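One structure follows; several queries about it will come next.
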Amino acid sequence: MWTDEQRAIIDRAPAPTVVFAAPGSGKTSVLMAHVAMQLAHRRVAPAELMAVTFTRQAALEMRRRLGRDRRVSDSQAESVRIGTFHALLFRWLAKAGIPVSIPLQGDEQRALARTALAREGLRDPRQVREFLSWMSRMKSRWPPARPEGRGPREMRAFTRAGRTYEGAKTRVGRWDFDDIPVTFARVLEEHPSLLTRSEQLAYLVVDEFQDTNPVEWHVVQALARTYHCPVFVVGDDDQAIYGFRGASPRWLLEFGGVMGADAHWLSTNFRSDAGIVACAERLIGHNRMRMPKRVRPARSDPGTVRACTAADEAEEARQVAAWLEDLRRRHPSWQFAVMARTRVQLLHAWRVCREKAGGVEWRTFHDGKGREWDAVAILGAVEPNPYLANQPETTWQWEEERRLFYVALTRARHVCGIWTPVRVSRQAVRPIRFVHEMGCELDVESPGSEV
Ligand SMILES: Nc1ncnc2c1ncn2[C@@H]1O[C@H](COP(=O)(O)OP(=O)(O)OP(=O)(O)O)[C@@H](O)[C@H]1O
């Protein structure tokens, strides 16, 4: 079942390794097969192996795959530390006897942020999200630095609100999630023996490494140094989409040099038809900060990528509903998703489509990551996008937007329909530049029937 490329990675003994994986190339399966191989051959003690990822769902999936591997006993599988960075480091701190506090949940965090911003006269609800993502970026820097960025007036207000917010957290005796890696990094630097006495580490593997932020990258390097342990990472620099919390594809690109790691590639996309892979390749080729790579489709079927126009969002939603209905009639076993850059865009379309589009999944680009469907509709592919609090301006911001679009496009197995309404939120807009970059024709006539 495995390709030679996959086999070579799975069979490696523990060693510093970086794997650049294309979308749909089976990276989590390969990573966990590699972990299972180490356990089966008793190269690493299960309790000394730590496998890290970024979302709870991904961690559960890793655990499930390891549990299913017949080469690994139940007790071996249970002893491996698998989890998100935050969960694993939090547990480690607690086990080492470092005082920890329960992180605030999203709504609790927003409430503290709202109060802190109100004191600065900032009452727009969108500023709460912006402020929290700004705080997250500031706290993810290593070494910690003075706050910066944004316009000078707003930055001063955010900086003051940040102090109020931190004070409020201390008063209620809680952390936020960003406090976990920062605290861990400090303890590892100042009192490493507290941590090394409580856990051993012989092999560290990290999935989705492109999502690492600077403090997490620092923790990875510090753990490798402290324990003299090899680190194995898998990621796709083209799918780095967490810039808002300080993540950057840079660390994946630098990993080989910094850690003296061997580079491997997973270049076959098993998910998408050839035409979709070709469009995605043309699109992402416009980014500069990336590892140049060729992605080969495993399937030879052409697949369909088509951009469709509509007068406004209401017409767009009606067209998408008809498109879904038609595809479902022709392919009753298919799975479908409707994706958009923001939640508000999805909500508008969902109100119009919900009766005709039962069983369809509605996902933002961010939370569609790691998933796949037979047909994907992308809504509101326009610029400027009136629903974005900040329009992309710099090359860096456009590259992040392009990666987000690339993630959405590469979720499709056979068909991807892209909608570019002429008016959005009563504003005249134009098709997002990516439509042209993909080499996709704009279909101004009937989008539904022919796809
Ligand atoms: N050697 C193989 N032969 C056939 N199918 C494979 C092989 N390896 C992986 N696949 C299939 O490829 C698909 C994509 O795998 P998976 O979702 O793990 O990819 P991924 O690399 O995590 O993708 P992404 O980064 O885009 O989320 C799955 O349906 C998986 O079963």
Side-chain angles (χ1 to χ4, degrees), residues 1-11 17-37 51-66 68-69 82 205-212 232-242 247 249 252 264-274 276-281 283-284 290-291 293-301 303 305 333-335 337 339 361 363-376 378 402-414 416:
M1 175 212 166
W2 301 115
T3 61
D4 291 347
E5 237 176 22
Q6 292 175 323
R7 189 87 259 168
I9 297 165
I10 293 167
D11 290 346
T17 307
V18 53
V19 179
F20 293 96
S25 60
K27 64 172 132 52
T28 306
S29 316
V30 168
L31 179 90
M32 291 322 284
H34 173 73
V35 166
M37 184 65 96
V52 186
T53 184
F54 286 86
T55 64
R56 223 174 295 170
Q57 202 185 339
L60 286 172
E61 184 57 29
M62 278 172 135
R63 170 82 57 204
R64 199 177 61 83
R65 287 188 199 199
L66 192 62
R68 255 190 353 204
D69 199 304
I82 298 180
V205 303
V206 188
D207 197 7
E208 307 277 7
F209 191 76
Q210 76 283 350
D211 294 333
T212 331
F232 176 109
V233 304
V234 182
D236 181 2
D237 45 315
D238 294 330
Q239 294 188 67
I241 57 171
Y242 290 105
L252 179 65
H264 283 248
W265 275 263
L266 288 173
S267 52
T268 305
N269 179 330
F270 294 97
R271 173 184 300 140
S272 305
D273 289 342
I276 299 176
V277 173
C279 273
E281 282 276 274
L283 172 70
I284 205 65
R290 67 186 293 257
M291 176 63 80
K293 49 184 108 57
R294 277 214 75 76
V295 181
R296 284 189 306 270
R299 306 165 185 273
S300 52
D301 314 62
V305 179
S333 63
W334 274 18
Q335 296 165 320
M339 301 183 76
E361 291 193 54
R363 299 269 170 172
T364 62
F365 293 175
H366 281 105
D367 57 30
K369 183 132 176 282
R371 303 287 312 276
E372 59 182 67
W373 295 274
D374 296 289
V376 171
I378 297 179
R402 197 175 280 108
R403 287 192 293 268
L404 270 161
F405 207 85
Y406 178 77
V407 166
L409 177 62
T410 55
R411 300 307 94 197
R413 294 190 192 110
H414 309 299
C416 183

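All values reported here derive from a predicted model rather than from experimental measurement. Counting starts at 1 for both ligands and their atoms, following the listed order. Residue indices begin at 1 and follow the sequence shown.
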For atom 8 (N) of ligand 1, closest protein heavy-atom neighbour: Gln6 NE2, 3.1 Å
message: Considering non-hydrogen atoms of the protein only, which is the closest contact for atom 4 (C) of ligand 1, and what is the distance?
response: Phe270 CD2, 3.5 Å
task: Under 4.0 Å, heavy atoms only, figure out whether ligand 1 is touched by the backbone of Lys369, its side chain, both or neither.
output: neither
message: Please classify the Arg271 to ligand 1 contact at 4.0 Å (heavy-atom distances, strictly less than): side chain, backbone, both or neither.
response: side chain
- prompt: Is the shortest N/O to N/O distance between Gly26 and ligand 1 below 3.5 Å?
  reply: yes
field: ligand 1 contacted by Glu208 (non-hydrogen, < 4.0 Å)
entry: no
- prompt: At the 4.0 Å heavy-atom cut-off, does Gly24 count as touching ligand 1?
  reply: yes
query: Okay, side chain of Asn269, backbone of Pro23: is any donor-acceptor separation there less than 3.5 Å?
result: yes
field: side chain to side chain donor-acceptor pair (under 3.5 Å) between Glu5 and Ser267, intermediate numbers included
entry: CA-CA 8 Å; Glu5 237 176 22; Ser267 52; 2.5 Å; yes
field: Aromatic plane relationship, Phe232 with His34 - under 30° parallel, 30 to 60° tilted, over 60° perpendicular
entry: parallel
- request: Go through the structure and list residues passing ring-ring contact (aromatic ring centres under 6.0 Å, His included) with Phe270, not counting sequence neighbours.
  value: none
- prompt: What's the spacing between Met32 CE and Ile10 CD1 if we round to 0.5 Å?
  reply: 12.0 Å
- prompt: Asp301 side chain to Gly303 main-chain N or O, any donor-acceptor pair under 3.5 Å?
  reply: no
message: For atom 25 (O) of ligand 1, what is the closest protein heavy atom, and at what distance to 0.1 Å?
response: Lys27 NZ, 2.5 Å
- prompt: With atoms numbered from 1 as shown, which atoms in ligand 1 lie under 4.0 angstrom from a non-hydrogen atom of Met1?
  reply: 1 (N), 2 (C), 3 (N)
- request: For atom 30 (C) of ligand 1, state whether the nearest protein heavy atom is under 4.0 Å away.
  value: no
query: Can you name the nearest heavy-atom pair linking Trp373 to Gln335, along with the distance?
result: CB-O, 3.6 Å
- prompt: For ligand 1, is there an N or O atom under 3.5 Å from any N or O atom of Trp2?
  reply: no
- request: Pick one of side chain, backbone, both or neither for how Arg371 approaches ligand 1, counting any non-hydrogen atom pair under 4.0 Å.
  value: neither
query: With Trp2, which residues qualify under ring-ring contact (aromatic ring centres under 6.0 Å, His included), at least two apart?
result: none
query: atom 13 (C) of ligand 1: which protein heavy atom is closest, and how many Å away?
result: Glu372 OE1, 3.8 Å
query: Of all the atoms in ligand 1, which lie at a distance below 4.0 Å from a heavy atom belonging to Gly370?
result: 27 (O)
message: Does Arg56 have more than 12 heavy atoms from other residues, nucleotides or ligands lying within 6.0 Å of its CZ?
response: no
